[in-house]
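Data block below; observations after.
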Amino acid sequence: MSLETTKSYPLGSESVQSVAYALAKYLDQEKNMITQTMRTSNGYMVQSKGDVNAEWTKYIGLDAALTIDLSDDGDLLKVTVGSGKWVEKAGIGILGAIIFQPFAWTASIGAARTAILYNDVFSFISRYLNAEPVHTDQPDATVRYEEAQIICPKCGAVNAPDHLFCSKCGTKLHEEPRHCTSCGAEVGPDDMYCPKCGTKLD
């Protein structure tokens with residue numbers, strides 16, 4: 001199952017370039033991901049992958065990347081989020097068409113966590129543009145997947161959407177995100193120190 005999703009937003013006074021660089025900064029600073037931005041033949045591409053010490057690496061793999069294609073579609077910003085091979089920037093010149101690949105993100109916890117990251121990307125773009133998408137192209141299988149089950153973040157068991165606790169290990173399924181008490185940055189559930197300011201976490 002591929003999680004490739006496309007949404008179109010009113011571009012307003014912003015440019016594709018400004019959105020691309022703002023998104024890359026968000027993924028770098030807020031999600032602690034290795035991020036690169038490249039010019040393509042029809043817009044910009046933002047790629048992100050987890051640091052070798054970061055949680056996301058376990059789910060997307062070192063050679064795989066979250067790939068976001070941003071292009072100008074008249075008065076609309078067309079944003080396609082999918083999985084792709086990490087592209088080395090050195091000497092590649094201007095990229096052509098983006099090739100999305102169905103990496104092995106269909107394993108229960110990997111697909112669930114990736115879907116969350118997709119939603120984070122689109123939520124950021126909505127906030128940045130102060131606009132909701134006017135069109136969404138998303139595979140039905142992805143919609144059914146997200147609505148039909150909740151994946152336990154600890155053991156990976158599949159749970160019904162109304163479950164508050166995992167039926168296999170008892171882990172709470174709806175944890176509120178943790179934030180650093182000093183700088184307010186979002187931190188991982190197992191982090192002992194804030195990755196942004198170094199404050200020891202409770």
Side-chain angles (χ1 to χ4, degrees), residues 2-7 9 16-40 43-71 77-90 92 95 98-129 142 146 151 153-154 156 175-180 182-199 201:
S2 173
L3 292 178
E4 179 183 326
T5 304
T6 299
K7 295 188 179 185
Y9 297 81
V16 178
Q17 182 185 45
S18 67
V19 179
Y21 279 96
L23 176 60
K25 183 178 179 181
Y26 164 73
L27 292 170
D28 175 21
Q29 297 185 355
E30 299 298 326
K31 295 299 179 180
N32 197 32
M33 301 182 78
I34 299 171
T35 304
Q36 63 180 4
T37 305
M38 290 171 283
R39 183 73 183 269
T40 67
Y44 284 83
M45 179 178 75
V46 176
Q47 282 199 315
S48 291
K49 63 180 180 178
D51 182 83
V52 292
N53 296 315
E55 179 184 16
W56 283 109
T57 301
K58 295 184 292 185
Y59 306 116
I60 66 176
L62 289 173
D63 63 338
L66 179 75
T67 300
I68 305 135
D69 181 36
L70 303 98
S71 60
L77 170 68
K78 184 178 179 182
V79 182
T80 300
V81 182
S83 57
K85 199 83 169 177
W86 180 262
V87 177
E88 295 299 335
K89 294 178 70 173
I92 61 173
L95 295 175
I98 306 300
I99 300 175
F100 293 97
Q101 303 178 38
F103 284 99
W105 290 358
T106 56
S108 58
I109 192 167
R113 298 254 178 170
T114 303
I116 293 171
L117 187 55
Y118 279 32
N119 291 336
D120 288 343
V121 167
F122 287 121
S123 294
F124 171 82
I125 292 175
S126 289
R127 293 193 304 271
Y128 186 81
L129 295 175
T142 302
E146 292 176 348
I151 308 301
K154 183 176 181 180
E175 293 286 352
E176 293 294 324
R178 294 175 68 206
H179 291 86
C180 174
S182 178
C183 70
E186 185 173 330
V187 297
D190 300 322
D191 288 345
M192 298 180 66
Y193 292 87
C194 176
K196 298 302 177 186
C197 71
T199 298
L201 304 171

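You'll find the side chain of T6 stays beyond 4.5 Å of the side chain of V79, heavy atoms only. Taking the side chain as every heavy atom from C-beta outward, Q17 and R39 never approach each other to under 4.5 Å. Residues C197 and C180 form a side-chain contact, since some pair of their non-hydrogen atoms from C-beta on lies under 4.5 Å apart. Taking the side chain as every heavy atom from C-beta outward, S48 and I34 never approach each other to under 4.5 Å.
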| query | Could you walk me through whether I125 and Y128 pass the side-chain contact (heavy atoms from CB on, under 4.5 Å) check? | reply | CA-CA 5 Å; I125 292 175; Y128 186 81; 5.6 Å; no

| request: Go through the steps to decide whether L201 and Y193 satisfy the test side-chain contact (heavy atoms from CB on, under 4.5 Å), and finish with yes or no. | output: CA-CA 5 Å; L201 304 171; Y193 292 87; 5.5 Å; no

| task | Evaluate the side-chain contact (heavy atoms from CB on, under 4.5 Å) criterion for residues M45 and I68: first the C-alpha distance (whole Å), next the side-chain angles of each, then the deciding distance (0.1 Å), finally the verdict. | result | CA-CA 6 Å; M45 179 178 75; I68 305 135; over 6 Å; no

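For the atom pair E186 CD and K196 NZ, the distance stands at 11.0 Å (nearest 0.5 Å). Taken to the nearest 0.5 Å, the OG1 atom of T37 stands 9.5 Å off from the CG atom of D28. Atoms CE and OG1, on M38 and T67 in that order, are 8.0 Å from each other to the nearest 0.5 Å. Between the CG atom in L70 and the CG atom in L77 there is a gap of 5.5 Å [rounded to 0.5 Å]. A distance of 13.0 Å separates CG of L27 from NZ of K25, quoted to the nearest 0.5 Å.
Of all non-hydrogen atoms in D191 and R178, the two that sit nearest each other are O-NH1, 3.2 Å. Contact between Y118 and L66 at its shortest, heavy atoms only, is CE1-CD1, 3.3 Å. For the residue pair G43 and V16, the shortest heavy atom distance occurs at CA-CG1, 4.4 Å.
A salt bridge is defined here as a Lys NZ or Arg NE, NH1 or NH2 lying under 4.0 Å from an Asp or Glu carboxylate O, and D120 with K31 meets this definition.
A donor-acceptor pair under 3.5 Å is absent between the side-chain atoms of K7 and the main chain of F122, judged by distance alone. T35 contributes a side-chain N or O that, together with a main-chain N or O of M33, makes up a donor-acceptor pair within less than 3.5 Å.
Using bins of under 30°, 30° to 60° and over 60° for the plane-to-plane angle, the ring pair Y44/Y21 lands in the perpendicular bin.
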